[in-house]
Amino acid sequence: MRGLLRYLINNHVFLLFLFLEVVSLIFVFNFNKYQSVQYLNSSNRVAASVYNYFDSVVKYFELAKDNEILAKENARLKSQHSFLQNRPDSLGPEFVQHDTNYRYIPARIINNSVNKTLNYITLNKGSSDGVKPDMGIVSPTGIVGVVISVSESYSLGFSLLNSRWGPSGKLKKSGFFGPVEWSGADYREANLMEIPFHVHLAVGDTIVTSGHSSVFPEGLMIGTVKEFSQPEGESFYKIKIQLSTDFRSIHFVDIIDNLDREELQKLESLIENGATNN
Amino acid sequence: MFIGLVLTQVLILNHIQFSGFVNPYIYILFVLLLPLSTPRYAVLIFAFLMGISIDIFSNSLGIHSFATVFIGYIRPLVIRVISSREEDMSDYPGLMQNGIVWFLSYVSIMVLVHHTILFYLEVFTFANFFSTLMRVFFSSVFSIFAIVLSQLIVFRD
């Protein structure tokens with residue numbers, strides 16, 4: 001017993017070293033189970049308010065560009081509005097599309113990165129504004145990411161530039177869909193996977209969200225086909241997407257709240273459970 | 001100094017973009033500059049606190065603390081290896097106290113070890129071994145440059 005004690009005292013530095021390294025590794029491996037370490041990411045109060053304060057100073061330098069982007073979106077919405085207004089109402093209610101209901105929560109990005117292999121974004125809206133995990137984040141120019149962790153007035157999300165998360169994209173022209181994955185190198189590019197060879201492709205084809213998950217509604221812009229090839233011995237195209245969102249210059253985004261999410265999830269879990277019971 | 005380095009790192013240096021994937025990390029300066037008489041367990045604890053602070057800000061929980069604790073542990077070893085006359089060593093391992101050559105090799109070794117662990121732990125694979133190695137190399141060069149520069153600016157006579 002005394003020998004053991006002496007051994008511990010003599011090696012306390014090494015043991016402390018081991019202990020701290022093990023704690024670090026436990027953190028590394030548990031961070032993905034994102035709910036468990038909610039308070040140790042940048043949506044916690046101290047870190048987020050530092051970012052928020054810094055951003056409130058820096059944002060003035062970007063005002064001109066932000067204005068331009070918002071004006072563009074305004075123009076786009078106006079034209080859409082007038083188009084919808086001019087639609088004949090005589091079609092009757094049976095032609096009105098009752099799609100899933102979405103609510104948009106405007107937010108500002110207070111921290112963002114594009115140069116890591118795993119990029120995250122911090123937003124200045126939290127649970128008190130109705131933000132919940134698994135809501136989509138979208139900018140005027142295209143989709144941005146998904147919320148993973150929420151504190152009272154801030155939230156943290158996976159950016160599209162994060163290899164741990166990818167939305168489901170589809171070719172607008174042909175309707176074929178597949179997962180979109182970031183390549184990990186360039187913040188302007190991503191890959192569209194699992195598109196079979198018989199699909200007709202052209203450079204410049206638009207890729208939009210497929211609407212197969214409850215995160216994004218259908219038809220939000222992701223990007224355009226930049227280049228594609230048919231690797232030998234495989235059955236899927238290798239497609240490079242030029243992302244429509246410039247992740248270095250986004251500031252204002254909307255968080256998408258799917259009002260039917262709970263119902264959808266209940267239904268889906270019902271089916272899954274049913275499948276395992278059989 | 002602790003708070004200053006954390007803020008510099010997360011607010012300015014984490015946003016530096018150079019050819020897309022270079023990111024200098026100078027917060028380890030805190031661990032590098034602890035006086036040599038600091039007890040080793042204290043160095044480890046300081047290193048851990050520093051690492052975890054950076055982790056919280058950059059959402060990479062555990063990665064920075066692992067790498068920083070590691071260099072905190074090997075610090076006395078590195079110092080012993082690169083110092084030829086140990087009796088002449090000043091207590092403070094700075095640039096002015098020990099000369100440019102000594103400081104440069106000290107910083108280079110520590111930064112290289114730190115960045116190697118950091119980047120490989122971050123991607124957690126040896127699949128893109130060489131592209132990660134490139135990132136380690138270029139980020140290290142920038143970090144070393146930034147650290148030496150900061151010492152020249154802060155501690156000039």
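First the proteins, then the strands, lettered A, B, ... as listed; each starts at 1.
- Here the two rings, on A:Phe17 and B:Tyr41, have centers that are 6.0 Å apart or farther.
- Here the CZ-CG distance, from B:Phe48 to A:Leu16, works out to 9.5 Å after rounding to the nearest 0.5 Å.
- In terms of heavy-atom pairs under 4.5 angstrom with chain A, the leader among B:Ile45, B:Ile63, B:Leu44 is B:Leu44.
- The two residues A:Asn111 and B:Phe57 have their closest heavy-atom pair at ND2-O, 4.2 Å.
- By the neighbour-count criterion of 12 heavy atoms within 6.0 Å, atom CZ of B:Phe46 is sparsely surrounded, having that number or fewer from other residues, nucleotides or ligands.
- Heavy-atom contacts from other residues, nucleotides or ligands closer than 6.0 Å to CZ of A:Phe228 number more than 12.
- At a 4.5 Å heavy-atom cutoff, the contact between A:Val23 and chain B is made by side-chain atoms alone.
- Using non-hydrogen atoms only and a strict 4.5 Å limit, the part of residues 68-77 of chain B facing chain A consists of B:Val69, B:Phe70, B:Tyr73.
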